[in-house]
Trainee: 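I have a structure here, written as structure tokens, and I will follow up with some questions on it.
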Amino acid sequence: VSVRHYVIFSTDGFIKVPTTSDILYNSKNTKDIYIFGFVGGLFRVDNDIIDPSLNWQNPLNWNKYVNMKGTATIPSPIICGKVDDDIFITLINLGMKYRSDLTELHTIHIQGANLPAEIDGFPETSFGIPTWTNYKDSPPVATYYFKPERSGTYVYYNQATASQHVQMGMYGAVVIYPSLKNLEDSGVHKSRSDKWYFERQLISHIPSNATNHNFAYANSYTYFDKEYIILLSNIDSNWHNNVLNSKFYNSINYKPDYWLINGRAFPHTLYPHPQTKKDKKQPNTDQINYESYVHIKYGQKVLLRIINMGYQVVPWHVHGWSFSVAGKDAELNQFLKLSAILNLEKHGNHVQEMGCTASLSSGETYDIIISADDKTESYENYISKGLSTIPYLRSQLKDLLDKNQNSIATIPLEPLKHPNTDFVNFLQLCGQTNPTHDKNNFPHFYTMHNNDSYTMTNNGIYPGGQLTFIQVDN
Ligand SMILES: [Cu+2]
């Protein structure tokens, strides 16, 4: 059990959205949208101070806080911990840099946390944090407390004037891992030789360096090798402009024109997330961040923590594999729960909820696991040799290229080197026929996206919006 203390500030800022579908972006094909959000992060773990600048009780830090006004982005910092941890979140309302006249109350509500009313963040039934206006005096603060009983994916947001504050961007992910004790209680344990067992049965696909941070829930079928947060939201830029310009906006006219994954629209979703490098040392959280370009290896299991904070239902669709639903709203999937109760796992058996689309209402979270099995075996013959009198795929693609140069895609391979992104030609990839075909380096690209396909746009321009890639290689 650890104490994890976060200090979070509310303020305003801007995000950049693409205005074209150019994969390479610059200042000419992006525009700014005014937003509100939370900044800050992990202050303390147990007695270790992680970031001394977050100590609001030290007056020497106050000047820095004043300068943090106007620096908000979407989404807000990730809050994480494990079951039974003591999670504290101190909230400071910095006020707005570009709308200094706004002095509304702010709160933090953790959806799914099932907290008592005193600290549930609903201001009409408890309290809100007023804006800090006298910088000579310590900021008005209150500290929320959350002792998670269940692992899974939650979301926090500003419940004060939620209609506007959620739309403006005041939300972030909450990730809770099961504890080792939870896992042991469910029959999953690590032996002294560093092997993972369910009861007395070896779980061979779980490597010895796995920890409780490789399980979504206390259940052996929720093991994953890598995890990503997919926080979905949508924006009506007219609303945001009106807030910036102090104009009334009637929320019954809500009409989104941008759809975001972790605060960004395609093609920005492919690039490294600007918040990742800002992340301070996060003890016990090696890999969790807001990257939305999923990069995994064949055979790996990837957990997608999908959260919908938009004002529309999202049918989230994954190409390539059917996924298994590990849980929803921080509750273990009921089929997995039933399988455990009936002891089906013992017999190497279980029941799973599978699918290729998960529909998320506003505020819902889904934990889905993809087993990225290699499909080259089954399709290799057709792609590289042809089958049943149909010529092999590369020769077909060459014909297409002869007729139209634009018919073959170029794909940004691991767009981690922005702005000098490498592109690969799909024909080269797909056409690496024997004997030059290098089976050991054959990346595949799958997409996942909002299946209400008009949301794959940026103000009407396709492709854009809620669309991103999964790169799989060896
Ligand atoms: Cu699709």
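Note that ligands are numbered from 1 as they come in the structure, with each ligand's atoms numbered from 1 the same way. All values reported here derive from a predicted model rather than from experimental measurement. These numbers come from the heavy atoms of this one structure, side chains and all, not from hydrogens, waters or symmetry mates.
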Trainee: Can we say Lys328 and Asp367 salt-bridge, meaning some charged N sits less than 4.0 Å from an Asp/Glu carboxylate O?
Mentor: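 Looking at Lys328 and Asp367, the cut-off is not met.
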Trainee: Counting N and O atoms only, with roles assigned by atom type, does the side chain of Thr222 sit under 3.5 Å from a partner on the main chain of Ala326, one being a donor and the other an acceptor?
Mentor: no
Trainee: Is a side-chain N or O of Trp321 found less than 3.5 angstrom from the main chain of Asp373, in a donor-acceptor match?
Mentor: yes
Trainee: Show all protein N/O/S atoms under 2.8 Å from the Cu ion (ligand 1), or state that there are none.
Mentor: His319 NE2, His449 NE2
Trainee: Are more than 12 heavy atoms from other residues, nucleotides or ligands located less than 6.0 Å from atom NZ of Lys375?
Mentor: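 Yes, NZ of Lys375 has more than 12 neighbouring heavy atoms, counting only those of other groups under 6.0 Å.
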Trainee: With a 3.5 Å distance limit and no angle check, can you tell me whether Arg4 reaches the backbone of Leu42 through a side-chain donor-acceptor pair?
Mentor: no
Trainee: Tell me if the CD atom of Glu149 is crowded by more than 12 foreign heavy atoms within 6.0 Å.
Mentor: no
